[in-house]
Amino acid sequence: MAVITSGRPPGRLARLRGRFTTSRLRGRFTTSRLRGRFTTSRLRGRFTTSRLFGVPLVWAVAGFNVFTGLWLLLSSLKSAGEIFSSPWNLPHTLHWDNYARAWTGGLFGQAALNTVVVVAGTAVGTLVLAAPAAYVLSRVTTRFNGGFILFFALGLGIPAQVVMLPLFVVMNKLFLVDSLFGLVVVYVATSLPFAVFFLTGFFSTLPVELEEAAALDGASSFRTFWQVMLPLARGGLVTVLILNIIQHWGETVFALVFIQNTDHQTLSLALLGFLQQMQYNGADWGGLFAGVAVVVLPVLACYVWLGRRIIEGMTVGSVK
């Protein structure tokens with residue numbers, strides 16, 4: 001006689017037992033799978049020493065620079081009493097007359113125009129001379145190429161103080177002292193080593209097949225450089241242009257040596273002159289901060305606006 005032990009069919013009970021067997025549970029929660037999810041390499045990648053200390057340090061430096069720029073801008077809109085009594089507070093009244101005094105009394109207007117002329121002439125002159133030289137060094141293969149590239153690379157390590165006296169003697173004989181054109185010549189000469197060295201590596205990354213195709217179409221070497229290769233090197237050219245602007249906007253050493261007339265002074269010299277006036281006419285700290293803002297803020301705005309192009313140009317030019 002058959003005895004029914006349960007109302008469920010025997011097949012269903014076997015199925016339930018098959019689902020929760022020890023082997024299947026062991027397969028789902030094995031040590032290897034748990035180890036794969038919590039491996040030491042993943043934890044090490046997330047909590048490395050460089051990330052643990054480097055990221056907060058970078059943010060701290062960036063925050064300090066932003067705070068310094070804002071403090072400079074706010075201090076340029078305060079009176080002299082507010083600058084010392086409440087240096088960390090917002091100005092009670094915006095003193096835009098600080099900029100008017102710095103612009104007129106400190107001769108910042110003429111100095112700003114001279115700086116724009118000098119910086120623009122330096123940037124254009126550097127690109128006009130450096131781009132063809134870098135293109136030839138990257139494409140024409142001779143036994144002297146390595147020596148020429150090394151010659152330009154060595155120019156990067158020569159301090160300005162070393163060439164100051166002989167350069168002044170040469171410029172004085174050429175009647176280029178105390179002139180904006182002479183200052184442009186000096187700036188171009190000191191900018192060429194980096195520009196040629198940087199653009200040589202940039203042109204080397206461009207494909208040679210484009211030049212071969214242009215030659216098959218009957219293009220001359222100059223036309224290939226001007227219409228084919230130069231537009232492709234726009235990233236490197238923009239990088240050199242921006243770095244020249246940043247470098248020479250507030251340059252002081254060469255301008256202090258080669259400029260002697262106040263009509264030819266640049267912004268950095270105007271700021272020094274305004275500081276010297278404070279020693280005799282009384283302290284005008286609001287006007288001084290306004291003058292510093294006139295010198296610093298245009299370069300800072302240029303870098304914030306075009307900083308990504310600098311990084312892109314240097315990254316592309318460093319990889320072949």
Please check: side-chain N/O of [X] versus main-chain N/O of [Y], any donor-acceptor pairing under 3.5 Å?
X: T224; Y: A214; value: no
X: K78; Y: P87; value: yes
X: S86; Y: N89; value: no
X: Q265; Y: I259; value: no
X: T252; Y: G250; value: yes
X: E251; Y: A255; value: yes

So if you build clusters from Ile, Leu, Val, Met, Phe, Trp, Tyr with side-chain heavy-atom gaps below 4.5 Å, do [X] and [Y] land together?
X: L174; Y: V184; result: yes
X: F181; Y: V169; result: no
X: V118; Y: V128; result: no
X: V124; Y: V116; result: no
X: W103; Y: V296; result: yes

Using 30° and 60° as the class boundaries, would you call the ring planes of [X] and [Y] parallel, tilted or perpendicular?
X: F84; Y: W285; value: perpendicular
X: F194; Y: F198; value: parallel
X: F168; Y: F258; value: tilted
X: F225; Y: Y135; value: tilted

To the closest 0.5 Å, what do you measure between [atom1] ([X]) and [atom2] ([Y])?
X: L267; Y: F274; atom1: CG; atom2: CZ; answer: 13.0 Å
X: R223; Y: L230; atom1: CZ; atom2: CG; answer: 14.5 Å
X: M171; Y: K173; atom1: CE; atom2: NZ; answer: 13.5 Å
X: T122; Y: L127; atom1: OG1; atom2: CG; answer: 11.0 Å
X: R101; Y: H95; atom1: CZ; atom2: NE2; answer: 9.0 Å
X: S75; Y: L288; atom1: OG; atom2: CG; answer: 10.5 Å

Give the minimum heavy-atom separation between [X] and [Y], together with the two atoms involved.
X: A130; Y: A195; result: CB-CB, 3.6 Å
X: P166; Y: V162; result: CD-O, 3.8 Å
X: F254; Y: V186; result: CD2-CG1, 3.6 Å
X: A293; Y: P298; result: O-CD, 3.7 Å
X: A270; Y: A111; result: CB-CB, 3.6 Å
X: T126; Y: N244; result: OG1-OD1, 3.8 Å

[Y] side chain reached by [X] side chain, heavy atoms, under 4.5 Å:
X: T68; Y: L72; answer: no
X: L206; Y: R139; answer: yes
X: F108; Y: Y99; answer: no
X: L74; Y: P91; answer: yes
X: F289; Y: W71; answer: yes
X: L241; Y: L237; answer: no
X: D178; Y: H264; answer: yes
X: Q247; Y: L243; answer: no

Side chain to side chain contact (heavy atoms under 4.5 Å, CB included) assessment of L256 paired with L269: CA-CA 7 Å; L256 188 62; L269 298 184; 3.7 Å; yes

Residue F197 excluded, over 12 heavy atoms near CZ under 6.0 Å: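 At most 12 heavy atoms, drawn from other residues, nucleotides or ligands, come within 6.0 Å of this atom.
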
Matching residue for N114 among L180, L183, L107, V119 - test: side-chain contact (heavy atoms from CB on, under 4.5 Å):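 Among L180, L183, L107, V119, the one that satisfies the side-chain contact (heavy atoms from CB on, under 4.5 Å) with N114 is L180.
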
Verdict with reasoning, Q260 to V177, per side chain to side chain contact (heavy atoms under 4.5 Å, CB included): CA-CA 8 Å; Q260 302 171 357; V177 176; 3.8 Å; yes

S191 side chain to H248 side chain, donor-acceptor N/O pair below 3.5 angstrom: yes

